[in-house]
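Take a look at the structure below.
In this text, all values refer to a predicted model and were calculated from it rather than measured experimentally.
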Amino acid sequence: MGKYTIKVNGIEEYPIAAREFVQQMNGGRIFAFYGKMGAGKTTLIKSICEEMGVEDTINSPTFAIVNEYEDREMNTIYHFDFYRIKSLEEVYNMGYEEYLYSDAICFMEWPELIEELLPEECIRVDIEEENDGTRTITITRK
């Protein structure tokens with residue numbers, strides 16, 4: 001198991017954190033982002049996608065559940081937001097397996113709502129807001 005930590009002092013440092021995150025991906029494909037409301041999950045994923053060369057408008061797929069992007073090498077990236085999921089049946093019905101077991105990179109917000117469906121190789125990303133407003137991003141590989 002490996003852990004890697006990135007500190008972010010303010011919103012202007014997200015591009016730097018994203019660059020560091022991309023360097024730490026090491027072939028990982030499925031990333032589960034944990035953090036309280038407002039911790040910066042969407043902002044970090046947006047910055048990571050931009051670092052990877054996504055040119056589309058990147059926003060949280062809160063109502064669509066999943067957004068699809070392409071990076072500069074034409075690789076597919078799926079960005080999920082499970083916040084509004086009411087049951088696992090919704091996730092089954094959307095065909096989550098087709099996304100997670102494709103070759104695409106998957107970034108998931110609110111994965112705790114589908115915890116039992118997360119694959120073994122899923123990489124955990126915790127974002128904690130400190131009292132001074134800084135963020136600590138911890139990447140944990142099993």
Co-members of the apolar cluster containing Tyr34 [side chain, <4.5 Å]
Ile30, Met37, Ile65, Val66, Tyr78, Phe80, Phe82, Tyr83, Ile85, Leu88, Val91, Tyr92, Met94, Tyr96, Tyr99, Leu100, Tyr101, Met108, Trp110, Leu113, Ile114, Leu117, Leu118

Crowded around Glu89 CD? As in, over 12 foreign heavy atoms under 6.0 Å?
no

Measure the CZ-CD1 distance between Arg135 and Ile6 for me, rounded to the nearest 0.5 Å.
14.0 Å

Please report the interatomic distance CD1(Ile48) to CD1(Ile105), rounded to the nearest 0.5 Å.
10.0 Å

Considering residues, nucleotides and ligands other than Asn131, do more than 12 of their heavy atoms fall under 6.0 Å from its CG?
no

Can you check side chain to side chain contact (heavy atoms under 4.5 Å, CB included) on Lys46 and Tyr14, steps first, answer last?
CA-CA 9 Å; Lys46 180 178 192 274; Tyr14 271 91; over 6 Å; no

The side-chain hydrogen bond (donor to acceptor under 3.5 Å, both in side chains) partner of Asn9 among Lys7, Glu13, Glu12 is Glu13

Begin from the C-alpha positions of His79 and Glu109 and carry the test side chain to side chain contact (heavy atoms under 4.5 Å, CB included) through to its verdict.
CA-CA 8 Å; His79 176 193; Glu109 297 185 50; 2.6 Å; yes

Please determine whether residues Ile127 and Ile16 belong to a single hydrophobic cluster, defined as Ile, Leu, Val, Met, Phe, Trp and Tyr linked transitively by side-chain heavy-atom distances below 4.5 Å.
no

Looking at Val8 and Ala17, what are the two nearest heavy atoms and their distance?
CG2-CB, 3.6 Å

Side chains of Ser47 and Phe21, heavy atoms from C-beta outward: is any pair under 4.5 Å?
no

Pairwise distance CD(Glu121) to CZ(Arg141) - rounded to 0.5 angstrom:
11.0 Å

From Tyr69 atom OH to Ile77 atom CD1, the distance as rounded to the nearest 0.5 Å:
9.0 Å

Heavy atoms, side chains only, cut-off 4.5 Å: are Met52 and Asn75 in contact?
no

With rounding to the nearest 0.5 Å, note down the distance linking CD in Gln23 to CE in Met25.
11.5 Å

Given side chain to side chain contact (heavy atoms under 4.5 Å, CB included), test Thr76 with Ser102 step by step and report yes or no.
CA-CA 9 Å; Thr76 301; Ser102 67; over 6 Å; no

Would you say CD of Glu128 has more than 12 non-hydrogen atoms from neighbouring residues, nucleotides or ligands within 6.0 angstrom?
no

Within the side chain of Arg29, is there an N or O that forms a donor-acceptor pair under 3.5 Å with the backbone of Gly27?
no

Crowded around Asn93 CG? As in, over 12 foreign heavy atoms under 6.0 Å?
yes

Are Ile137 and Glu20 close enough, and set up right, to give a side chain to side chain contact (heavy atoms under 4.5 Å, CB included), and what steps lead you there?
CA-CA 11 Å; Ile137 302 164; Glu20 207 172 327; over 6 Å; no

Counting distance only, does the side-chain N/O of Arg72 pair as donor-acceptor with the main-chain N or O of Glu55 below 3.5 Å?
no

Inspect the surroundings of CD in Glu115 and state if more than 12 heavy atoms from other residues, nucleotides or ligands are less than 6.0 Å away.
yes

Rounded to the nearest 0.5 Å, the NZ atom of Lys41 sits from the CG atom of Asp126 at a distance of 10.5 Å

